[in-house]
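Residues take their numbers from the sequence shown, with the count starting at 1.
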Amino acid sequence: MSDANVRIPEEARDRLAAIAAAEGLSLRGYLARLAQTLLTPAERAERAEKARAALKEWNGYAPTPGEQAGLDDELDRRLARVAGR
C-alpha cells in the first residue's frame, strides 16, 4: 500500500490528531478507518433506495418525491433545533 500526502490547514490536522490519539490511533490509522466507514454520495443514495424498496415491500410505504422532500425538510428543522441553530 502506498501513502498519499494530503494538504490541510494545520488546525485541522492538529484536531484530527487529537481525536485519533484519544481513540488510541495514529493520525494515519484514524484517517484510514474514517475512509472505510464514511459513505460516498453514490453509496448513500444506493442505501436510501434499498431502504425505500424494503419499506415498500414490507408495508407498502412509498412516499412521492414531494412527500420525501417534506419529510427531509422536517428532519432538517428538527436537527437544527437540537443543534441549537
Side-chain angles (χ1 to χ4, degrees):
M1 170 188 343
S2 63
D3 287 340
N5 292 318
V6 178
R7 296 180 58 87
I8 61 172
E10 188 175 332
E11 298 82 23
R13 182 209 57 211
D14 293 346
R15 179 174 170 79
L16 289 169
I19 294 168
E23 296 189 23
L25 296 168
S26 67
L27 180 55
R28 182 180 188 272
Y30 179 76
L31 291 174
R33 186 182 74 182
L34 186 64
Q36 291 299 314
T37 60
L38 294 177
L39 299 175
T40 66
E43 290 167 333
R44 284 194 305 275
E46 181 182 351
R47 284 193 181 188
E49 184 53 41
K50 286 180 180 179
R52 280 191 289 278
L55 283 170
K56 184 176 181 182
E57 183 179 325
W58 177 57
N59 67 4
Y61 181 71
T64 66
E67 291 170 329
Q68 280 184 253
L71 292 167
D72 287 345
D73 290 344
E74 177 64 20
L75 180 58
D76 289 343
R77 278 192 298 278
R78 290 180 184 203
L79 289 172
R81 188 175 65 221
V82 170
R85 293 187 227 155

Do the non-hydrogen side-chain atoms of Val82 and Arg78 ever get within less than 4.5 Å of each other? no
Do Val6 and Leu31 have side-chain heavy atoms sitting under 4.5 Å apart?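 No, their side chains stay 4.5 Å or more apart.
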What heavy-atom pair brings [X] and [Y] nearest, and what distance separates the two atoms?
{"X": "Tyr30", "Y": "Leu25", "answer": "CA-CD1, 4.0 Å"}
{"X": "Glu67", "Y": "Ala62", "answer": "OE1-O, 4.4 Å"}
{"X": "Ser26", "Y": "Ala20", "answer": "O-CB, 3.6 Å"}

Determine whether Leu79 and Leu71 fall in the same hydrophobic cluster, where Ile, Leu, Val, Met, Phe, Trp and Tyr are linked whenever their side-chain heavy atoms lie under 4.5 Å apart.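 They do not share one cluster, since no chain of ILVMFWY contacts under 4.5 Å joins Leu79 to Leu71.
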Does a sphere of radius 6.0 Å around [atom1] in [X] hold more than 12 heavy atoms from other residues, nucleotides or ligands, not counting ones at 6.0 Å or beyond?
{"X": "Arg52", "atom1": "CZ", "answer": "yes"}
{"X": "Glu57", "atom1": "CD", "answer": "no"}
{"X": "Glu43", "atom1": "CD", "answer": "yes"}

Check against salt bridge (Lys or Arg N to Asp or Glu O under 4.0 Å), Glu11 and Arg15: CA-CA 6 Å; Glu11 298 82 23; Arg15 179 174 170 79; over 6 Å; no
Hey, what do you get for [atom1] ([X]) to [atom2] ([Y]), rounding to the nearest 0.5 Å?
{"X": "Gln36", "Y": "Arg33", "atom1": "CD", "atom2": "CZ", "answer": "11.5 Å"}
{"X": "Arg44", "Y": "Leu38", "atom1": "CZ", "atom2": "CG", "answer": "8.5 Å"}
{"X": "Leu27", "Y": "Ile19", "atom1": "CG", "atom2": "CD1", "answer": "10.0 Å"}
{"X": "Leu55", "Y": "Tyr61", "atom1": "CG", "atom2": "OH", "answer": "7.5 Å"}

